Amino acid sequence: MRKTVGIEEFIKENGFFMDTTVGMSMYPMLRSKRDAVVIHPCKERLKKYDVALYKVNDDYILHQVIKVLPDSYIIRGDNRIDKEYGITDENLLGVLTSFYRDERKISVHNFIYLIYVRFWNYIFPVRYLYKKCKSIVYRLKCKNKK
C-alpha cells in the first residue's frame, strides 16, 4: 500500500512541488485544472505580489500577498474581493516560482508577469465595484423569482 504524502512533506523531501490548480480564486492568472504551478520553499520573508501556498484546515490555498506586515501578511486571490488576514510565516508551505500555461513556462520574474500582477492590483477598486454590483443584481433577480 502506498503512503499518501501531503504537499508540505513533498516539498520538504523534494525541494519543490508541481501540480495543476483546482478552483477559480486565482483566475485569470491560473486556470483551474489546466495550468500547473511550481512551488518552492520560502527562503526569506515574502514580498508584496508573491504568491504564497498555505494551508487552512485541510485546504491548500495559493493566493497573492497584497501587504506585508511585521508579523503577518494580508493575502487575496486574484478573483476574490475579500482579504485574508493573519497569515504568518509559520502558515506558509511555499511560494510560486513559475507556472505553466499550456506548453509555455512563465516565471514570476518574467517582465509581462510583473506588469500583470501590478496592473491587476491597481484595478482592484474597479473589480471590487463590478463584483459588488453583480452580486446585488443577482440577489434582486433571485428575490423577484419568488
Side-chain angles (χ1 to χ4, degrees), residues 1-139 142:
M1 183 157 65
R2 188 170 166 229
K3 179 184 171 200
T4 303
V5 178
I7 293 174
E8 51 268 58
E9 288 86 15
F10 191 92
I11 292 172
K12 284 178 188 171
E13 290 175 14
N14 298 288
F16 77 100
F17 177 77
M18 182 177 174
D19 202 358
T20 56
T21 60
V22 177
M24 296 300 293
S25 67
M26 284 300 289
Y27 184 82
M29 185 177 96
L30 299 172
R31 300 169 303 172
S32 182
K33 299 180 185 176
R34 291 180 63 191
D35 297 332
V37 295
V38 180
I39 307 293
H40 282 89
C42 303
K43 294 186 173 138
E44 57 191 29
R45 289 238 32 207
L46 298 183
K47 300 177 285 307
K48 185 175 181 177
Y49 306 125
D50 281 345
V51 178
L53 175 68
Y54 57 100
K55 190 173 181 180
V56 174
N57 300 321
D58 289 334
D59 296 325
Y60 294 99
I61 301 171
L62 188 66
H63 283 169
Q64 189 177 110
V65 174
I66 57 172
K67 187 167 187 176
V68 178
L69 301 173
D71 58 350
S72 65
Y73 303 95
I74 300 175
I75 295 178
R76 179 177 57 229
D78 280 5
N79 196 25
R80 299 286 181 251
I81 58 174
D82 297 327
K83 296 175 184 175
E84 300 159 44
Y85 297 90
I87 307 300
T88 65
D89 290 312
E90 290 78 39
N91 301 116
L92 301 178
L93 304 176
V95 62
L96 179 78
T97 55
S98 61
F99 63 95
Y100 287 85
R101 162 77 44 106
D102 301 321
E103 301 295 319
R104 202 171 92 222
K105 179 180 181 180
I106 300 170
S107 167
V108 297
H109 304 292
N110 176 296
F111 182 70
I112 301 298
Y113 171 80
L114 295 172
I115 290 172
Y116 162 79
V117 294
R118 282 159 179 79
F119 174 75
W120 199 248
N121 281 285
Y122 179 75
I123 66 166
F124 176 75
V126 174
R127 293 186 298 117
Y128 180 87
L129 185 61
Y130 169 76
K131 284 191 173 265
K132 283 294 186 183
C133 289
K134 187 176 170 184
S135 174
I136 291 167
V137 168
Y138 177 77
R139 281 186 298 207
C142 289

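One-based numbering along the sequence shown. Here the structure is a predicted model, which means the values were calculated and not measured.
The two residues Ser107 and Ser98 make their nearest non-hydrogen contact at CA-CB, 3.9 Å. Contact detail for Tyr113 and Met29: the closest heavy-atom pair is CE1-SD, 3.3 Å. The minimum heavy-atom distance between Val37 and Leu96, with the atom names listed, is CB-CD1, 3.6 Å. Of all the heavy atoms in Pro28 and Trp120, the pair that sits closest is CD-CZ2, 3.5 Å. Among all heavy-atom pairs drawn from Pro41 and Gly15, the shortest one is CD-O, 3.2 Å. Considering every non-hydrogen atom in both Met26 and Leu62, the closest pair reads CG-O, 3.0 Å.
Residue pairs meeting the salt bridge (Lys or Arg N to Asp or Glu O under 4.0 Å) criterion with at least one member in residues 85-104, sequence neighbours excluded: Arg31-Asp102, Asp35-Arg101, Arg45-Asp89. A salt bridge (Lys or Arg N to Asp or Glu O under 4.0 Å) check over residues 105-134, counting only residues at least two apart or in different chains, returns nothing.
A search for side-chain contact (heavy atoms from CB on, under 4.5 Å) contacts involving Ile112 returns Asn110, not counting sequence neighbours. Legend: residues meeting side-chain hydrogen bond (donor to acceptor under 3.5 Å, both in side chains) with Tyr116, ordered by chain and number and at least two apart, are Asp78. Residues forming a side-chain hydrogen bond (donor to acceptor under 3.5 Å, both in side chains) with Ser25 (at least two apart in sequence, or on another chain): His63. With sequence neighbours excluded, the residues that form a side-chain contact (heavy atoms from CB on, under 4.5 Å) with Val137 are Lys141.
Surrounding OH of Tyr27 are at most 12 heavy atoms belonging to other residues, nucleotides or ligands under 6.0 Å away. The 12-atom threshold is exceeded at CZ of Phe124, counting heavy atoms of other residues, nucleotides or ligands nearer than 6.0 Å.
Within the 3.5 Å criterion, the main-chain N or O of Leu46 finds a donor-acceptor partner in the side chain of Tyr73. At least one donor-acceptor pair closer than 3.5 Å links the side chain of Ser32 to the backbone N or O of Gly23. Remark: the backbone N or O of Phe10 is not paired with any side-chain donor or acceptor of Glu13 at under 3.5 angstrom. Checked by atom type and distance alone, the side chain of Asp50 pairs as donor or acceptor with a backbone atom of Lys47 at under 3.5 Å. Not a single donor-acceptor pair under 3.5 Å links the side chain of Asn91 to the backbone N or O of Ile87.
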Stepwise, does the side chain to side chain contact (heavy atoms under 4.5 Å, CB included) test hold for Val65 with Tyr49? CA-CA 5 Å; Val65 174; Tyr49 306 125; over 6 Å; no
Output, in order, the C-alpha distance, side-chain angles, deciding distance and verdict of side chain to side chain contact (heavy atoms under 4.5 Å, CB included) for Val38 and Phe99. CA-CA 6 Å; Val38 180; Phe99 63 95; over 6 Å; no
Does the pair Val95 and Leu53 meet the rule for a side chain to side chain contact (heavy atoms under 4.5 Å, CB included), with working shown? CA-CA 6 Å; Val95 62; Leu53 175 68; over 6 Å; no
Decide yes or no on side chain to side chain contact (heavy atoms under 4.5 Å, CB included) for Ser72 and Thr88, but give the supporting numbers first. CA-CA 4 Å; Ser72 65; Thr88 65; 4.2 Å; yes
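With rounding to the nearest 0.5 Å, the separation of CD1 in Ile74 from OH in Tyr85 is 5.0 Å. A distance of 9.0 Å separates CG in Leu93 from CD in Glu9, rounded to the nearest 0.5 Å. Remark: Gln64 CD to Ile75 CD1 distance equals 9.5 Å, nearest 0.5 Å. One distance of note links CD1 of Ile61 with OG1 of Thr21; it measures 13.5 Å at 0.5 Å rounding. In this structure, CD1 on Ile7 lies 8.0 Å from NZ on Lys55, to the nearest 0.5 angstrom. The CD1 atom of Ile81 sits 10.0 Å away from atom CG of Leu129, with the distance rounded to the nearest 0.5 Å.
The aromatic rings of His40 and Phe16 sit tilted, their planes meeting at an angle between 30° and 60°.
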